[in-house]
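Following: one structure in structure tokens, then a few remarks.
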Amino acid sequence: MKRKLSCWATVMAAGMLAVISAFSVSAAPVNEEKAKSIALDSAGVKAENVVFLHADQDEDDGRLIYEVELITKANEEYDYEILMDTGEILGISYEKKAYAVQGGNSGKDITVEKAQELALNHAGAAADKVIWIKQKKDFDDGRFVYELGFYTDGYQEYEYDIDGTNGEVIAWEFESNSAYARQDAARRLEQAEGSTGKKNEEKGIFRLADVKATVLKQADAEDEQVTWGRVHRTFDDGKLVYEGKFYVNSLEYEFKIDAATGMVTDWDVESIWD
């Protein structure tokens with residue numbers, strides 16, 4: 001894969017991605033052994049089939065995490081990022097170093113549509129709930145592969161290398177809350193609004209008119225009473241938000257709203273005469 005996800009320096013991981021829908025979450029901060037156990041359970045790998053297993057503490061965006069690396073007897077490399085507070089898996093990456101012997105497909109390469117289907121099935125994602133950001137044919141050590149990338153409507157980003165001959169998943173990566181996915185969704189929304197002026201219901205990202213209606217309701221004010229300051233989209237801790245201010249009589253209101261949910265995340269009111 002040419003582009004690496006933002007969470008790690010060098011990460012390689014694998015396994016049955018179906019288990020991602022059931023991430024382990026513990027009530028108390030996890031320790032090193034628990035982090036290793038979470039990684040093993042997620043990968044579907046038994047301890048006796050592991051030749052290397054190591055966990056290091058690190059920090060990501062001010063959060064303490066464990067970076068867990070494991071290698072199996074089948075020479076599959078995994079790397080996990082696990083949140084220390086809860087045990088949530090923030091990122092996974094996989095690469096299969098030992099390639100299977102090619103064959104069994106009657107000499108016919110699979111189509112890109114088939115490769116997409118295999119990637120979606122592996123991720124447990126529905127075709128109508130993802131945005132494709134990469135679909136590319138390439139050769140890796142003389143091996144024909146499809147390089148695919150997509151993100152879900154929940155901003156989970158996936159990248160896959162699929163063997164173009166037999167459909168085997170050679171490598172994959174996962175990021176639970178992708179800043180790139182949020183940025184791309186915002187860009188696509190701006191393009192859609194520029195051409196139609198309508199809210200993008202499918203992606204659930206609120207447009208400016210919806211944001212203003214939300215804050216007016218919270219302030220119990222009508223638009224005719226309001227003098228608007230700047231209201232704009234920005235990123236706060238990797239999340240797309242609306243940030244702005246407005247004035248009603250002698251009061252100044254400042255707010256932040258999650259662009260994906262429409263929830264008010266920050267609200268401040270003060271008198272302009274103070």
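A quick note: this is a predicted structure, and the numbers were derived from the prediction, not measured. When a residue number appears, it is its place in the shown sequence, counting from 1.
- For Lys129 (side chain) and Gly154 (main-chain N/O), no donor-acceptor pair under 3.5 Å exists by modelled atom type.
- Taking CD from Glu95 and CD1 from Ile170, the interatomic distance works out to 9.0 Å, rounded to the nearest 0.5 Å.
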Open item on the list: If you apply the rule side-chain contact (heavy atoms from CB on, under 4.5 Å), what do you find for Leu118 with Tyr160, and how did you get there?
Closed with: CA-CA 10 Å; Leu118 292 168; Tyr160 281 88; over 6 Å; no

Could you tabulate the donor-acceptor pairs under 3.5 Å formed by side-chain atoms of residues 243-253, not counting sequence neighbours?
| residue | atom | partner | partner atom | Å |
| --- | --- | --- | --- | --- |
| Tyr247 | OH | Glu252 | OE2 | 3.0 |

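- Interatomic distance, CD1 of Ile92 versus CG of Asp79, reported as 10.5 Å (0.5 Å rounding).
- Residue Glu254 holds its CD atom at 11.0 Å from CH2 of Trp267, rounded to the nearest 0.5 Å.
- Residues Ile133 and Glu157 have side chains in contact (heavy-atom distance under 4.5 Å, counting atoms from C-beta outward).
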Task: Pair Leu53-Leu40, side-chain contact (heavy atoms from CB on, under 4.5 Å): steps then yes or no - done: CA-CA 9 Å; Leu53 178 60; Leu40 288 170; 4.0 Å; yes

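- Leu208 is not listed as a side-chain neighbour of Arg233, based on a closest heavy-atom distance of 4.5 Å or more.
- Placement of Ile162 and Phe139 within a single hydrophobic cluster is found when ILVMFWY residues are connected by side-chain heavy-atom separations under 4.5 Å, directly or transitively.
- Within the model, atoms CZ of Arg230 and NE2 of His232 stand 4.0 Å from one another, a figure rounded to the nearest 0.5 Å.
- Shown here for Lys36 and Val68, the closest heavy-atom pair between the two residues is CA-CG1, 4.3 Å.
- Heavy atoms only, all atoms of each residue included: Ile82 and Ala35 are closest at CD1-O, 3.3 Å.
- At least one donor-acceptor pair closer than 3.5 Å links the side chain of Asn31 to the backbone N or O of Lys34.
- Side-chain contact check for Tyr78 versus Thr72: some heavy-atom pair is nearer than 4.5 Å.
- Of all non-hydrogen atoms in Glu32 and Ala55, the two that sit nearest each other are CG-CB, 3.7 Å.
- Closest approach of Ala119 and Leu148 over heavy atoms only: CB-CD1, 4.1 Å.
- Heavy-atom minimum distance, Gly167 versus Ile110: CA-CD1, 3.8 Å.
- In this structure, Val112 is a member of the same hydrophobic cluster as Trp132, with clusters built from ILVMFWY side-chain heavy atoms closer than 4.5 Å.
- One hydrophobic cluster, built from ILVMFWY side chains closer than 4.5 Å, holds both Tyr158 and Val169.
- The distance from atom CG of Leu64 to atom CD of Glu59, rounded to the nearest 0.5 Å, is 6.0 Å.
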- [ ] Kindly indicate, with the supporting measurements, whether the criterion side-chain contact (heavy atoms from CB on, under 4.5 Å) is fulfilled by Arg63 and Leu83.
- [x] CA-CA 7 Å; Arg63 299 176 298 179; Leu83 189 60; 3.8 Å; yes

Just list the side-chain donor-acceptor pairs under 3.5 Å for residues 212-226, sequence neighbours left out, or say none.
| residue | atom | partner | partner atom | Å |
| --- | --- | --- | --- | --- |
| Thr214 | OG1 | Asp210 | O | 3.0 |
| Asp223 | OD1 | Trp228 | NE1 | 2.9 |
| Gln225 | OE1 | Glu222 | N | 2.7 |

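- Both Tyr80 and Val30 belong to a single network of hydrophobic side chains, linked directly or stepwise wherever heavy atoms of I, L, V, M, F, W or Y lie under 4.5 Å apart.
- Hydrophobic clustering of Ile, Leu, Val, Met, Phe, Trp and Tyr side chains at less than 4.5 Å, counting indirect connections, keeps Tyr66 apart from Phe52.
- Side chains of Met84 and Ile65 form no contact here, defined as non-hydrogen atoms less than 4.5 Å apart.
- For the pair Val130 and Ala125, the tightest heavy-atom approach, listed with the atom from each and the gap, is CG1-CB, 3.9 Å.
- Between Glu168 and Arg143 there is a salt bridge, since a side-chain N of the basic residue sits under 4.0 Å from a carboxylate O of the acidic one.
- Considering CG of Asp153 and CD1 of Ile131, their distance stands at 9.0 Å, rounded to 0.5 Å.
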TODO: List the steps and the verdict of side-chain contact (heavy atoms from CB on, under 4.5 Å) for Tyr146 and Lys137.
DONE: CA-CA 5 Å; Tyr146 287 105; Lys137 292 182 179 180; 3.6 Å; yes

